[in-house]
Amino acid sequence: MSDLHEPVLAWYDEHARELPWRSTAAGPWSVMVSEFMLQQTPVARVLPVHEQWLRRWPTPAALAAETAGEAVRAWGRLGYPRRALRLHAAATTIVERHGGQVPASYDDLRALPGIGDYTAAAIATFAHGRRHVVLDTNVRRVLARVATGEEFPAAGVTKGERTLAAELLPEDEPTAATWSVAVMELGALVCTAANPRCPACPLADLCAWRAAGHPAYDGPPRRAQAWAGTDRQCRGRLLAVLRDTEGEVTAARLDAAWSEELQRARCLAGLVEDGLVVRTPRGTYALP
DNA sequence: GAGCCGTGGTA
DNA sequence: TTACCAAGGCT
């Protein structure tokens, strides 16, 4: 399967997007911030917020010196605001335990809040040039199609998947790093979830899914994410009020943001529990 | 391992 | 319009 390398690397050399966190001028912190923001969030929406963050907090120490609430506020509408909390906490740990430098080792990164297997491998690879299996949704989809002949990978990462990805990883460290970002980019731009651009794919002639005639996905249905009326929507509404207000917010303001009382109370308690909101002694609410 | 956690763009 | 989904992590 190592005959996949050359076509993918050549394609990446020609078609890679120029992104701020890929610039030679970008440091490990820029990469780390981007990886947090890109968790489940499209590049287009990350770009402006990433730029603001790096300008305001050019180092982990700069972010750590702020309150967590300012990180949540600056997160804006990227979604999953607990990521902002975790990034702030990770920056604090980096200052306290790593001399203010983003760690290069997978294990050190993996131990930070908000960093799971993917993000640890991604930062070690993209920020420090280390050699790790970087298995995100893009890579998984490309491998499922090219090697397994299925349209989509299983719900969770399988052992076989990880083994395959490890076998495909080039031995040479810098080449492995380029390969990892190249396969991700191929999945993001060509081998997309919907309407893949097979005619533009450098692996078209080697692709098992294409050879099989693009059979439709027949695995278990992926349950749609409910939204309207859910706690997630309610939490989003409540936090938006806090984000868009300097200082404290009265309970009445939050009452106005969501009419269903029981659900509102449950969600507010959840936000406090998560550390995204604090209740003041006066009974008002604020960002931490 | 399944469920939960935001948001907005696209077809 | 509804449904899908976009560089996951945590419990």
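Only this structure's heavy atoms are used, side chains among them; waters, hydrogens and symmetry mates stay out. The sequence lines fix the lettering, A, B, ..., with proteins before strands; numbering per chain opens at 1.
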- Query: Between dA6(C) and dG1(B), how far is it from one C1' atom to the other, in whole Å?
  - Reply: 22 Å
- Query: Do you know the tightest heavy-atom contact between Leu268(A) and Leu238(A)?
  - Reply: N-CD1, 3.9 Å
- Message: In whole Å, I'd like the distance from the CG atom of Asp136(A) to the P atom of dC5(C).
- Response: 15 Å
- Message: Heavy atoms only, 4.0 Å cut-off, all strands: where does Asp117(A) land among base, sugar-phosphate and nothing?
- Response: sugar-phosphate
- Would you check if Trp21(A) and Glu35(A) make a side-chain contact, meaning some heavy-atom pair closer than 4.5 Å? no
- Write down the distance between CG (Asp231(A)) and C1' (dC5(B)), rounded to a whole number of angstrom. 10 Å
- Any side-chain heavy atom of Leu87(A) within less than 4.5 Å of one from Trp53(A)? yes
- Interface residues of residues 13-39 of chain A with DNA chain C (non-hydrogen, below 4.0 angstrom): Arg17(A), Leu19(A), Trp21(A), Arg22(A), Glu35(A), Leu38(A), Gln39(A)
- Item | Test item: Asp231(A) and Arg266(A) side chains (from C-beta on) under 4.5 Å apart, heavy atoms | yes
- Message: Checking side-chain contact (heavy atoms from CB on, under 4.5 Å) between Val183(A) and each of Val142(A), Leu135(A), Leu169(A), which is the one that passes?
- Response: Val142(A)
- Message: By the 4.0 Å heavy-atom rule, please label Ala193(A) as base, sugar-phosphate, or nothing.
- Response: sugar-phosphate
- Item | Check: Thr41(A) side chain, dG8(B) base, donor-acceptor under 3.5 Å | no
- Query: If each of Pro113(A) and Phe126(A) is mapped to the nucleotide of DNA chain C with the nearest heavy atom, which maps nearer the 5' terminus, i.e. the 5' end?
  - Reply: Phe126(A)
- Message: Could you check whether any side-chain heavy atom of Gln40(A) comes within less than 4.5 Å of a side-chain heavy atom of Tyr80(A), counting everything from C-beta outward?
- Response: yes
- Residues from residues 72-81 of chain A sitting under 4.0 Å of DNA chain C, heavy atoms only? none
- Item | Where Leu168(A) and His5(A) come nearest, the two heavy atoms and their spacing | O-NE2, 2.6 Å
- What's the closest nucleotide to the Glu185(A) side chain, out of dG6(B), dC5(C), dA7(C)? dA7(C)
- Query: Can you check the Arg83(A) CZ to dT7(B) P distance for me, whole Å?
  - Reply: 10 Å
- Check whether any side-chain nitrogen or oxygen of Arg86(A) sits under 4.0 Å from OP1 or OP2 of dC5(B), and answer yes or no. no
- Task: Please state the P separation for the pair dG9(C) and dG8(B) - nearest whole angstrom.
- Result: 23 Å
- Item | P gap between dC4(B) and dA7(C), integer Å | 23 Å
- Could you tell me whether the phosphate oxygens of dA6(C), OP1 or OP2, come under 4.0 Å of any side-chain nitrogen or oxygen in Gln40(A)? no
- Message: For His50(A) and Ser30(A), which I'm curious about, is there any donor-acceptor pair between the side chains at under 3.5 Å?
- Response: yes
- Query: What residue pairs, at least two apart or across chains, pass ring-ring contact (aromatic ring centres under 6.0 Å, His included) with a residue in residues 130-169 of chain A?
  - Reply: Tyr106(A)-His132(A), Phe152(A)-Tyr217(A)
- Checking all strands, does Gly156(A) fall into the base, sugar-phosphate, or nothing category for heavy-atom contacts under 4.0 angstrom? nothing
- Could you tell me which non-hydrogen atom of Leu239(A) sits nearest to which non-hydrogen atom of Leu276(A), and how far apart they are? CD1-O, 4.0 Å
- Query: Contact class for Thr119(A) vs. all strands (heavy atom < 4.0 Å): base, sugar-phosphate, or nothing?
  - Reply: sugar-phosphate
- Message: Between C1' on dG6(B) and CZ on Arg243(A), what's the gap in Å once rounded to a whole number?
- Response: 9 Å
Collect all protein-nucleotide pairs involving nucleotides 9-11 of chain B in which both atoms are nitrogen or oxygen and the distance is under 3.5 Å.
none

- Note on the structure: To the nearest angstrom, the CD1-P distance between Ile123(A) and dG8(C) comes to 13 Å
- Atom-to-atom span, CG of Leu47(A) to C1' of dA6(C) - whole angstrom: 13 Å
- Item | Ala62(A): side-chain contact (heavy atoms from CB on, under 4.5 Å) partners, not counting sequence neighbours | Trp57(A), Pro58(A), Thr59(A)
- Task: Taking the side chain as every heavy atom from C-beta outward, state whether Val102(A) and His98(A) have any pair of such atoms under 4.5 Å apart.
- Result: no
Please list, one pair per line, the donor and acceptor atoms closer than 3.5 Å that link side chains of residues 187-203 of chain A to other protein atoms, with sequence neighbours excluded.
unit_1	atom_1	unit_2	atom_2	d
Thr192(A)	OG1	Ala194(A)	O	2.9
Thr192(A)	OG1	Asn195(A)	O	3.4
Arg197(A)	NH1	Leu189(A)	O	3.1

